[in-house]
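Ligands are counted one by one from 1 in listed order, and the atoms in each one are counted from 1 as well. Computed over heavy atoms, backbone and side chain alike; hydrogens, waters and symmetry mates excluded. Everything numeric here is computed off the predicted structure, so don't read it as measured data.
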Amino acid sequence: MKNVKVLWVIIILLLVLSATLINKFVSGSVEPSEDGRTSVVLTKDERNLVLNEMRAFLVSVQGVSQAITNDDMETVAELAHKAGMVAEEGTPGSLLQKIPLGMKQLGFGTRKKFDEISETASTLKDADLARTQLDALMNNCIACHAIYRLPEPQ
Ligand code: HEC
């Protein structure tokens, strides 16, 4: 009888622990921001890494757009590939844990859209299609910036 009670205590503790872990994975390390967005709280180095990726995003968007204008679909494919999922390979797991699920989905979604641009640029070589895909991709930039911010660590 006593053993059963101990077992129940262990089961309940495990349930609480997994609920906490799942909750952490979904919500990330966040707090409300005065401007109505959600602040994602990172260390100085993590924040610098993300902002560095952001500036690279802008460079990629400009490069892909320029290549589309030049009807140079080979460069479109190459630049879009570099900005795709391969760019996530070095992202530390500890950083991903702090990023809320919705932001992760928008971030990976953007990477996947770059991969799609690369794939269709090398197969269909259609500049108009690539332009339409890039327009759609940029809605991800806008959506994420509207929801999240990265406050400077105090
Ligand atoms: C998954 C969310 C997300 C996506 C997608 C995203 N960004 Fe960002 N970006 C952020 C956040 C959060 C910041 C910090 C904003 C703040 O603190 O106000 C930021 C900041 C930036 C900055 C400022 C960098 C600096 O050094 O301060 C640039 C430039 C930028 N993003 C460009 C882009 C471009 C271009 C895209 C689309 C190709 C993009 N971002 C997509 C979340 C995102």
- Message: Once side chain to side chain contact (heavy atoms under 4.5 Å, CB included) is applied, do any residues pair with V59, and if so which ones, sequence neighbours excluded?
- Response: none

What atoms in ligand 1 come closer than 4.0 Å to a heavy atom of [X]?
| X | result |
| --- | --- |
| V61 | 38 (C) |
| N140 | 5 (C) |
| M103 | 1 (C), 2 (C) |
| G107 | 1 (C) |

To the nearest 0.1 Å, how far is [atom] from its closest protein heavy atom, and which atom is that?
| atom | answer |
| --- | --- |
| atom 17 (O) of ligand 1 | L150 N, 2.8 Å |
| atom 5 (C) of ligand 1 | T110 OG1, 3.3 Å |
| atom 27 (O) of ligand 1 | L51 CD2, 3.9 Å |
| atom 26 (O) of ligand 1 | R55 NH1, 2.6 Å |
| atom 18 (O) of ligand 1 | R37 NH2, 3.1 Å |

- Task: Check ring-ring contact (aromatic ring centres under 6.0 Å, His included) between Y148 and all other residues, then give those that pass, not counting sequence neighbours.
- Result: none

Minimum side-chain heavy-atom gap [X]-[Y] below 4.5 Å:
| X | Y | value |
| --- | --- | --- |
| D71 | M73 | yes |
| L96 | T91 | yes |
| Q133 | L137 | no |

- So CD1 of I22 and OG of S27: to nearest 0.5 Å the spacing works out to 11.5 Å

- Is the backbone of S33 close enough, under 3.5 Å, to the side chain of R149 for a donor and an acceptor to pair up by distance? no

- Message: Once you restrict to heavy atoms under 4.0 Å, what part of M138 touches ligand 1? Side chain, backbone, both or neither.
- Response: neither

- Message: For residues 108-136, which residue pairs pass the ring pair (Phe, Tyr, Trp, His ring centres under 6.0 Å) check, not counting sequence neighbours?
- Response: F57-F114

- Message: Could you check whether K112 pairs with E88 (Lys NZ or Arg NE/NH1/NH2 to Asp/Glu carboxylate O, under 4.0 Å)?
- Response: no

- When you check the side-chain N and O atoms of T43 and E46, is any donor under 3.5 Å from an acceptor? yes

- Note on the structure: Given the options V40, T38, I147, V30, M103 meets side chain to side chain contact (heavy atoms under 4.5 Å, CB included) only with V40

- Anything protein N, O or S sitting under 2.8 Å from atom 8 (Fe) of ligand 1: count it and give me the total. 2

- Item | 4.0 Å protein heavy-atom contact status of atom 23 (C) of ligand 1, strictly under | no

